[in-house]
2 protein chains.
Amino acid sequence: MDDGSTAPASPPTLYDVAREAGVSIATASRALNGSARNVRSENASRVRAAAVKLGYEPHLSAQAIAKGSTRTVALVVRDVADPYFSSIAAGVTEEAQAAELIVTMAVADGSPERELEIVRTLRGQRPRAIIVAGSRVDGAGTRDALIEELAEYRTAGGRVVLISQRDLPFSTVMIDNHDGAARLAVALLGAGYRRFAVFHAPGEIRTSRDRHTGFLAGLRGSGVPEPLAIETGFTRAGGYDAARRLVERGFEDVEAVFAVNDVMAIGAMTAFRDAGVIPGADVGVAGFDDISSAVDVVPALTSVAVPLREAGLSALRLALSDVSHDVLMPADIVLRASTPPR
Amino acid sequence: MDDGSTAPASPPTLYDVAREAGVSIATASRALNGSARNVRSENASRVRAAAVKLGYEPHLSAQAIAKGSTRTVALVVRDVADPYFSSIAAGVTEEAQAAELIVTMAVADGSPERELEIVRTLRGQRPRAIIVAGSRVDGAGTRDALIEELAEYRTAGGRVVLISQRDLPFSTVMIDNHDGAARLAVALLGAGYRRFAVFHAPGEIRTSRDRHTGFLAGLRGSGVPEPLAIETGFTRAGGYDAARRLVERGFEDVEAVFAVNDVMAIGAMTAFRDAGVIPGADVGVAGFDDISSAVDVVPALTSVAVPLREAGLSALRLALSDVSHDVLMPADIVLRASTPPR
DNA sequence: TTGTACGCGTTATCAC
DNA sequence: GTGATAACGCGTACAA
């Protein structure tokens, strides 16, 4: 077919290495992988030399199929560019490197269908574990389908770990959304705030809902009026938009805003300022997650600190251990200048 | 060996599906993978039914070894949690999903040795392409080793694409660091600034060096004094620290600071403020990258916008195309309140 | 249209 | 210690 001028250039195989070293393929395998130390050292070094000379690198797929197991873990997140998920991803990859595992990452983009499809393809990789970081959305048949897919994966010997809320029957690294938000509410009450608005995402997003209801729970019994709820996107743009709408509506009846995550809160702060409203002075603002930029914004953002990187670390550790339980990541309230005492 | 109470639970294979459907393994393969449409539709549906019933998912490693190619691309970054890299990663994964490719990600953590080691293991995956996002560091033998490793991968049929500067002999998506910084310098001169400090990273970091020298080049001929150069880390903490040092030293002779990336600039702004120095008013601050938080910081940060996500998209597209050339991502100066005209 | 059989690169089980 | 050789799960000539 080809004119054959250039070879198809396929990578060297173990067979090539063995031939180069003048030994059998079996010996070459042993020398390189060394499941047993029973190779004459002279031969071993010849093989190693041949390997580097040829630029040989073992074919992981071939190893996987021969050994019946991979050194791969799969991670699915909603959006890598979001600091929330990239922090988790950083934790997972860090722990993976330590365990000499390769991590493959997929982005669900907030779509349950996409998420399901991703888990399906990922299963084909036969990864040691699949870690799904909180893009979970309630309702729809996709939820059951996802459960089934993950369950099949598990019965086939895979480990699955979820990060966020325990709303699916799998080991999960839980973020203390409800209680964290409740304690934030109490802290804000303590700072003298009594009239609130909550910027939240649509109800199918579990994380948003838990933080929202948690906040309300924290307020309960204090006698403060029911917070104004403004629904918007779970993103910076969503926060910006909600704040803009709040200003247009008039915000005389709200002293502080709780946005269910920091990027929303930060977007809201900018929107406020763009509208001539000074965050911290004219209106308090609080978020959730305590992403790193929370301290670089002005005024510094009150938030609920969640050890995201550690959550990633624990998730993989949990996946690799053979016990199956849950882990709760603590949430710490951190009051900053965006909610000065009043 | 085992008491056999619970089966080892290995995933169903194509063979199981074939048996369940009452056809040969070849027919099953054809029905599911469908390289040709020559399967009686009745059989085809039986096979598909059997597949879903058994929860079958093709073993990607087995397919890879049988077909001789994977549907995988590898991405190596310095730090996922850094918005610079996570934006690139977002672009790469987005394009990958579109091409139905799985992306495996590794973190080099700023260590050339680690980077080399990563590329080596990644080669074992036999990915379609390896994309290395600018953690390149000059000097040391690791550079040549990396070149050789990537070259071997390429001659073995792999595609390699670099993101950042064209300092290695491979297709690269170039960020216009030098020229962007030069134009920023000109813009700042135009805004009336004449005495500068530059916060830069150690010289081995190419990106930092290029932006630094580019800035100096932009100043050249204008007759302004040589900028004060402060070396620090390439991170937010580095920026914070540099600013602190500058304040301690006294900054009467500097009107504006150019930090070679935005996270450094943002860290610097916070440090200035912590020291009672108002960014924008007492000292101008400019960064590079135009990460999303640049507009959420106060005052909004002057920066050089680089389409990072697009860089990721192009990188993968370039890797998949069979031409081998370079792509230059434009850099746009965006003047904001952190460098008001004076 | 379908099934048999071989090959992909590797590990593991044997004999030697 | 070493070398054949049979797996591993799948694709695909080739023959039927």
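Chain letters run A, B, ... following the sequence lines, proteins first, then strands; residues in each count from 1.
When the P atom of dC8(C) is taken as reference, atom OH of Tyr15(A) falls 11 Å away, rounded to whole Å. Atom pair Asn38(B):CG and dA15(D):P shows a separation of 17 Å (rounding to whole Å applied). With rounding to whole Å, Ile25(A) atom CD1 is found 11 Å from dG3(D) atom C1'. If you take CG of Leu60(A) and C1' of dT11(C), they are 13 Å apart, rounded to a whole angstrom. Rounded to a whole Å, the NE2 atom of His59(A) is 13 Å from the C1' atom of dG7(C). Computed from coordinates, the Leu14(B) CG to dG11(D) P distance equals 6 Å when rounded to whole Å. Atom pair Glu42(B):CD and dT2(C):C1' shows a separation of 13 Å (rounding to whole Å applied).
Across all non-hydrogen atoms, the minimal contact from Val103(A) to Ala96(A) is CG1-CB, 3.7 Å.
Residue Ser29(A) has a polar side-chain atom (N or O) positioned under 4.0 Å from OP1 or OP2 of dT11(C). Look at Arg30(B) and you won't find any side-chain N or O under 4.0 angstrom from OP1 or OP2 of dT12(D). In this model, the phosphate group of dC10(D) is not approached by any side-chain N or O of Asn33(B) to a distance below 4.0 Å at OP1 or OP2. Side-chain N/O atoms of Ser24(B) include none lying less than 4.0 angstrom from OP1 or OP2 on dT2(C). Between Tyr56(A) and the phosphate of dT10(C), there is a side-chain N or O to OP1/OP2 separation shorter than 4.0 Å.
Using a 4.0 Å cut-off between charged side-chain N and carboxylate O, Glu100(B) and Arg71(B) make no salt bridge. A salt bridge is absent between Glu57(A) and Arg120(B); no separation between the charged side-chain nitrogens and carboxylate oxygens falls under 4.0 Å. Comment: Glu115(A) does not engage Arg78(A) in a salt bridge, judged by the lack of any side-chain N to carboxylate O separation of less than 4.0 angstrom.
Using a 4.5 Å heavy-atom cutoff, the side chains of Val23(B) and Val47(B) are in contact. Residues Leu168(B) and Arg143(B) have side chains in contact (heavy-atom distance under 4.5 Å, counting atoms from C-beta outward). A heavy-atom distance below 4.5 Å is not found between the side chains of Leu75(A) and Leu316(A). The side-chain heavy atoms of Tyr153(A) and Pro127(A), taken from C-beta on, include a pair separated by under 4.5 Å. Looking only at side-chain heavy atoms (C-beta outward), Thr93(B) and Met105(A) come within less than 4.5 Å of each other. You'll find the side chain of Arg317(A) stays beyond 4.5 Å of the side chain of Val327(A), heavy atoms only.
For the contact set between residues 61-69 of chain A and DNA chain D, defined by any heavy atom under 4.0 Å, the members are Ile65(A), Ala66(A). Within residues 116-129 of chain B, no residue places a heavy atom under 4.0 Å from DNA chain C.
Checking Ser164(B) against Thr207(B) by side-chain atom types alone, no donor-acceptor pair falls below 3.5 Å.
The end-to-end axis angle of the helix from dT1(C)-dA16(D) to dC16(C)-dG1(D), rounded to 10 degrees and based on five pairs per end, is 40°.
Taking the nucleotide of DNA chain C with the nearest heavy atom to each of Pro11(A) and Ser41(B), the more 5' of the two is matched to Ser41(B).
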One pair to check against side chain to side chain contact (heavy atoms under 4.5 Å, CB included): Val92(A) and Leu313(A). What are the steps and the verdict? CA-CA 5 Å; Val92(A) 172; Leu313(A) 295 174; over 6 Å; no
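With distances taken from any side-chain atom of Thr13(A) to the nucleotides dG1(D), dG3(D), dG9(C), the minimum falls on dG9(C). Comparing atom distances between the Ala26(B) side chain and each of dT12(D), dT1(C), dG9(C) picks out dT12(D) as nearest.
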